[in-house]
Visitor: 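Encoded as structure tokens, here's the structure I'll be asking about.
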Amino acid sequence: MQKEGFSPKEIIPIVNSVIVKVNKIPLNKQIAELEKLAPELLKKEKKERDFTLPKLLNAEKGKVVTRFPPEPNGYLHIGHAKAAIVDHEYARIYDGKFILRFDDTNPENAQIEFYEAQKEDLRWLKIEWDEEFNTSDHLEEHYRLAEQLIKQDDAYICVCSTEEIKHGRFHGKECNCCGNTCGDSMDLWKDMLNSSVEGSILRLRGDITCDNTAMRDPTLFRIIDKPHPLHGDKYRVWPTYDFAGAVEDSISGVTHPFRTKEYELRDECYFKLLDLLKLRKPHLIEFARLSIEGMPVSKRKIKPLIENGSVSGYDDIRLPTLRGLKKRGILPEAIKQFVLEQGISKVESSVTFSLVAAANRKIIDPIAKRYFFVKDPVKLIVENAPEKIKEINFHPINKTLGSRTVKTGKTFFVQNSDMKELKVGDIFRLKGLYNVKIKEKNKDVLTEYADENLIPGSAKIQWTTDKFVEMSVFIPHFIYIDEKYNADSLERADGFAEEAVLKLKTDEIVQFERFGFVRIENIDDKITGFFAHK
RNA sequence: GCUCCCGUGGUGUAGUCCGGCCAAUCAUUCUGGCCUUUCGAGCCAGCUACACGGGUUCGAAUCCCGUCGGGAGCACCA
């Protein structure tokens, strides 16, 4: 508009006067007029939102490299899944490379079993990596770079106590070690590596008065005299996260490293280190941690529960670990969908589990077989019951799932809660079978056969015959409420399932009609269910 | 205390960089209806949001200043 010589200032008054005129016309005439002039403006079309991740800055097809850098110190949870999925997804979108890197530079944390366990978790998520390595395998290179920093006098050895260092950093005061020359530091560094000196650390010469406290001469290397799960006693000087993370991202060619936003303050340190080392600088991106309401992710909260037996282990269905989610019948595809829906914003938020459930339901509803499970069963007798051999489909729409055949007599079991809703004289339908009329409600419920025609609006409830299978379904609830462990977080629903569930195998996810989606597990020949969601 | 990040309906999220196409997206939840031999799915409708206060501008969710609220960091843990 301005290009054509008009300015908004000139046009706005004209527009305003026209609006006044148009508004004087009755609404229905306005609509009629618009219908003639531009009918397309009257339709409001629904926009579809796609859940692809936003474009990456400085990204070129074929040249994007991402990485997922877990510390092998536990099983992966939904938070890891977010990082891994985002990393993996970007590499895929840009035809790039995705690296799995174990950040195992603290022998006190790294544990041998978790290298493989985490890979299993990733494979279950259907995440494949193009390259895999351990940061601990690059230690010699880290040492070389450390020495480079010392030679440049950009780092120095500090032998002060933790307390002194803390104090100095807090008040922005240098310690005496800061005056160490590069010669001094190099000698002390060699001592760290080769002798049994204790307590020395290598510190970056940052800025002890910097507003960003992460820059107040952060620790780059420290001594940890503990055998490493992969390298044993070979090394005792280990890089900290600040050093190892920056260096590894750079030298392994990562172009777009992602991390959670609690590291944001360390960005400055990250880039300063790479500057001093004359290494390539990747494009760092931070996002908020992902947390699900009532399902804590932190080890601080989960570990005690495992140790005191409040939960069965890291695969407890109340936990947001990948193993826990798997156990309750959440599919990896649903987790991926859920994560991508959340995107990579920096807003700290707590998401309801129903978003996970919705994603999962969308996938399993069309393919999950339906079965009858009767919670808190009561006996139901049908007078004049015709003996039937009835074939009932496993799915209302998806006929390829087949059917089962049930032989019925006059004894059934139905849910106590359903019977409470009905009174003597009511007619309801044994779902898939026929109608019955309630005659008496005592300990058992006495009914009589009441025709087979469908009665619109009547209750249709699930049932079993007297050939039932006793089983329990475990239902998870919030494990933490207001920062407190919820002792009622695991509910057990006991009841009778129809005989056909005996043919189910471990890991099958079915729907118990009017109950919910349940993953089946055969434990010691006893069939058990784990509740996923409604 | 200091520094940094964040603030869009009940819950998430798009839009914020680069002001106008935003009487604000999509999902989920909830409510009502339709449909259905499930309380599931599907379909339709509805509710509810730019934290607050100033400023800049013809025009602000978007830019500036301030306030408030939430989070993070101030580790020899990542």
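Residue numbering restarts at 1 for every chain, and letters A, B, ... go by the order of the sequence lines.
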Visitor: Hey, does A/D418 reach any base, or is it just sugar-phosphate, or nothing, if we go heavy atoms under 4.0 Å?
Guide: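 Contact class for A/D418: base.
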
Visitor: Categorize A/R370 for me: base, sugar-phosphate, or nothing, with a 4.0 angstrom heavy-atom threshold over every strand shown.
Guide: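 Base: the residue A/R370, judged by heavy atoms under 4.0 Å, touches a nucleobase.
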
Visitor: Under 4.0 Å, counting only non-hydrogen atoms across every strand here, what does A/S345 touch: a base, just sugar-phosphate, or nothing?
Guide: sugar-phosphate

Visitor: Of A/I224, A/T135, A/T240, which is the lone residue that meets side chain to side chain contact (heavy atoms under 4.5 Å, CB included) with A/T105?
Guide: A/T135

Visitor: Under 4.0 Å between any heavy atoms, over every strand shown, what does A/C269 touch: base, sugar-phosphate, or nothing? Just pick one.
Guide: nothing

Visitor: Just N and O in the side chain of A/T219: are any of them under 4.0 Å from OP1 or OP2 of B/rC76?
Guide: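 Yes, within the criterion.
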
Visitor: Decide, yes or no, whether a salt bridge links A/E264 with A/R259 under the criterion of side-chain N to carboxylate O below 4.0 Å.
Guide: no

Visitor: Does a side-chain N or O from A/K362 land closer than 4.0 Å to OP1 or OP2 of B/rG42, or not?
Guide: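 No, outside the criterion.
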
Visitor: So what does A/K431 hit on the nucleic acid, given a heavy-atom distance under 4.0 Å: a base, only sugar-phosphate, or nothing?
Guide: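 Base: the residue A/K431, judged by heavy atoms under 4.0 Å, touches a nucleobase.
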
Visitor: Would you mind classifying the nucleic acid contact of A/G343 as base, sugar-phosphate or nothing, using non-hydrogen atoms under 4.0 angstrom?
Guide: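 Here A/G343 touches no strand at all.
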
Visitor: Does A/Y480 have A/K301 sitting over its ring (NZ/CZ under 6.0 Å from centre, angle to axis within 45°)?
Guide: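 Yes, a cation-pi geometry holds between A/K301 and A/Y480.
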
Visitor: Quick one about A/Y270 and A/D249 (side-chain donor to acceptor, distance below 3.5 Å, no hydrogens or angles considered), yes or no?
Guide: yes

Visitor: Categorize A/S458 for me: base, sugar-phosphate, or nothing, with a 4.0 angstrom heavy-atom threshold over every strand shown.
Guide: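 Result for A/S458 = nothing.
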
Visitor: Check every strand shown and say whether A/G245 touches a base, only sugar-phosphate, or nothing at a heavy-atom separation below 4.0 Å.
Guide: nothing

Visitor: If you pin A/P54 and A/Q415 to their nearest nucleotides in RNA chain B, which one's is more 5'?
Guide: A/P54

Visitor: State which of B/rU37, B/rU28, B/rA78 makes the closest approach to the side chain of A/R429.
Guide: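 Closest nucleotide among those given: B/rU37.
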
Visitor: Which letter, B, S or -, goes with each nucleotide of nucleotides 59-73 of chain B from 5' to 3', with contact meaning a protein heavy atom under 4.0 Å?
Guide: -----------BSSS

Visitor: Between protein and nucleotides 50-52 of chain B, what N or O pairs are separated by less than 3.5 Å?
Guide:
none

Visitor: Side chains of A/Q342 and A/L355: closer than 4.5 Å at any heavy-atom pair?
Guide: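 Touching, per the 4.5 Å side-chain cut-off.
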
Visitor: What pairs with A/K119 under salt bridge (charged side-chain N to carboxylate O under 4.0 Å, His left out), at least two apart in sequence or on another chain?
Guide: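 Result, salt bridge (charged side-chain N to carboxylate O under 4.0 Å, His left out) vs A/K119: A/E116, A/E132.
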
Visitor: Between A/K190 and A/E147, does any NZ, NE, NH1 or NH2 come within less than 4.0 Å of an OD or OE carboxylate oxygen?
Guide: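 Between A/K190 and A/E147 there is a salt bridge, with a charged N closer than 4.0 Å to a carboxylate O.
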
Visitor: Identify whether the distance between the nearest side-chain nitrogen and carboxylate oxygen of A/D418 and A/K420 falls below 4.0 Å.
Guide: no

